[in-house]
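The figures that follow rest on heavy atoms only: side chains count, while hydrogens, waters and symmetry mates do not. Just so you know, ligand 1 is whichever comes first in the structure, and atom 1 is the first atom listed for that ligand.
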Amino acid sequence: MRLFSIKRFIHYWMLSKSDLEKIKLVITPGTKVVISTHKSPDGDAIGSSCALAMYLEKKGCICSIVVPDALADFLYFIPYSNKIIVFDKMEARAKEVLSDSDVVFSLDYNDLKRAGSFGDLIADSKSLKVLIDHHEEPNYEGDIYFNDPTCCSTAQLVFDFIDELNDIELVDIPIAEAIYFGLITDTGSFRFPSVNERTHEIIAHFLKMGLAHFKVHEAIFDHNSMNRLQLNGFAVSERLELLENGRVAFIWLKEEDLHRFSAEKGDTEGLVNKALSISGVEMAAFFRSAKEMVKISFRSKGSIFVNELARDHFNGGGHKYAAGGSSEETINETIAKFKKVVQKYV
Ligand code: 5GP
Ligand code: MN
């Protein structure tokens with residue numbers, strides 16, 4: 001069965017006949033697969049990786065997922081996530097599975113730099129390399145590409161990948177949960193322009209299967225600690241500024257702020273969207289001091305493409321409406337630079 005009651009979308013990423021044959025030849029019982037994703041993995045990175053691993057294991061492959069650094073707690077709701085190898089903590093194991101692998105999948109990133117030191121090892125690996133991703137301007141030397149920057153999430157592409165291989169029947173509730181988790185988190189709960197009828201068609205299929213969609217929403221959104229709520233409240237009341245006649249908003253947090261509220265990984269997730277939610281704001285940024293660098297998130301709606309701003313001024317990149325970058329200057333210097341360069345984009 002293919003998932004199509006209505007007209008099939010024709011995307012340029014559809015696997016060519018020869019790629020399909022290549023993939024079918026390697027996705028066979030006993031094939032050793034490594035799935036890798038980006039630093040500071042988000043719901044889409046982990047959801048898509050776990051969904052792919054669970055599918056490939058149903059085909060008899062032996063899978064390992066390697067992520068560069070730790071997962072935020074709420075991501076452990078995703079089925080299969082407890083088996084993930086965190087490179088930072090289990091380097092020897094990560095190296096072992098990579099050197100043993102026949103195939104490496106790169107999910108939700110398109111430049112090996114985004115996978116940190118593990119990315120360097122992938123570059124040197126002789127395994128077949130498959131990219132499944134939705135970022136623009138790939139910088140990735142692989143063997144098979146299944147990428148589409150118009151697609152809302154890598155999770156959706158993983159579903160499409162399974163569909164291309166004619167294996168929709170193998171999608172069970174855990175796989176649906178993992179894909180649904182990635183869809184929610186990368187689409188701002190199905191609100192971004194990249195959401196299309198295909199996205200909802202996939203969700204309709206999951207609901208027909210009996211997916212408890214509300215449990216996934218709960219796992220993502222009802223997961224606050226007191227500290228997190230108070231940190232968010234502090235950020236909004238003390239660290240939010242408007243620029244450019246209210247068209248740009250930004251929030252910043254220094255290391256001491258994060259310490260004050262015992263911030264944990266993921267506690268500042270979504271803060272940038274609070275800034276973007278102000279009426280009249282078209283672009284928002286969030287600056288957060290981390291060890292010897294400032295990590296930046298950008299979001300926009302309308303005509304400002306934040307991936308260009310991130311790429312040109314803050315060593316970053318991403319999507320038109322959601323991008324990120326970093327700076328090695330102090331947070332005050334970074335914000336001063338932002339105030340100056342943002343004028344060119346609004
Ligand atoms: P977030 O603000 O959620 O950390 O990142 C939003 C998006 O920006 C990510 O999905 C990713 O595509 C991109 N992104 C974030 N940080 C970086 C970075 O340091 N470099 C690049 N190239 N892209 C980034
Ligand atoms: Mn993504």
Side-chain angles (χ1 to χ4, degrees), residues 35-52 67-69 71-72 74-75 78 105-116 119 131-140 146-161 178-188 190 192 194-195 199 220 250-253 265-276 283-288 290 293-301 305-328 334 338:
I35 297 170
S36 122
T37 190
H38 60 78
K39 277 191 261 182
S40 298
D42 56 12
D44 190 34
I46 301 299
S48 60
S49 297
C50 291
L52 183 66
V67 303
D69 52 3
L71 279 69
F74 79 109
L75 296 173
I78 298 171
F105 281 86
S106 288
L107 262 63
D108 203 39
Y109 68 92
N110 63 12
D111 184 332
L112 288 173
K113 280 195 219 132
R114 296 271 294 134
L131 178 73
I132 304 184
D133 178 60
H134 68 135
H135 293 90
E136 290 186 11
E137 299 175 23
N139 174 26
Y140 184 93
F146 194 72
N147 62 316
D148 176 7
T150 69
C151 189
C152 67
S153 60
T154 302
Q156 181 162 323
L157 285 174
V158 165
F159 185 92
D160 286 334
F161 182 80
I179 292 176
Y180 193 68
F181 199 110
L183 283 174
I184 296 174
T185 50
D186 251 31
T187 60
F190 316 115
F192 295 155
S194 51
V195 169
T199 316
I220 297 170
F250 72 94
I251 292 177
W252 77 102
L253 287 172
K265 221 178 159 87
D267 279 359
T268 56
E269 192 90 41
L271 255 179
V272 65
N273 296 315
K274 292 215 161 58
L276 191 66
M283 185 205 150
F286 170 60
F287 301 84
R288 174 197 165 127
M293 57 128 79
V294 178
K295 187 74 194 116
I296 317 164
S297 290
F298 298 106
R299 298 290 185 273
S300 85
K301 45 193 176 192
F305 295 160
V306 283
N307 53 349
E308 292 173 11
L309 174 78
R311 187 192 58 216
D312 296 346
H313 301 284
F314 296 101
N315 312 309
H319 313 276
K320 286 184 179 118
Y321 304 111
S326 59
S327 156
E328 279 167 16
T334 308
F338 171 70

Could you please tell me which protein N, O or S atoms lie under 2.8 Å from the Mn ion (ligand 2)? D44 OD2, D108 OD1, H134 NE2, D186 OD2

Set of residues satisfying ring pair (Phe, Tyr, Trp, His ring centres under 6.0 Å) with respect to F74, sequence neighbours excluded: F181

From D69 atom CG to H38 atom NE2, the distance as rounded to the nearest 0.5 Å: 10.0 Å

Cut-off 3.5 Å, side chains only: do S36 and Y109 have a donor facing an acceptor? yes

State which residues pass ring pair (Phe, Tyr, Trp, His ring centres under 6.0 Å) with Y180; sequence neighbours excluded, sorted by chain then number. F190, H217

Aromatic centroids of F286 and F298 separated by under 6.0 Å: no

S106 OG to D133 CG distance, which is reported to the nearest 0.5 Å: 9.0 Å

Classify the angle between the aromatic ring planes of F250 and F338 as parallel (below 30°), tilted (30 to 60°) or perpendicular (above 60°). perpendicular

What distance separates H319 NE2 from D186 CG, expressed to the nearest 0.5 Å? 6.0 Å

Write down, by chain and number, every protein residue that brings a non-hydrogen atom to less than 4.0 Å from an atom of ligand 1. R114, H135, K295, S297, R299, G316, G317, G318, H319, A322, A323, G324, G325

Any luck finding a side-chain donor-acceptor pair between D111 and H135 under 3.5 Å? no

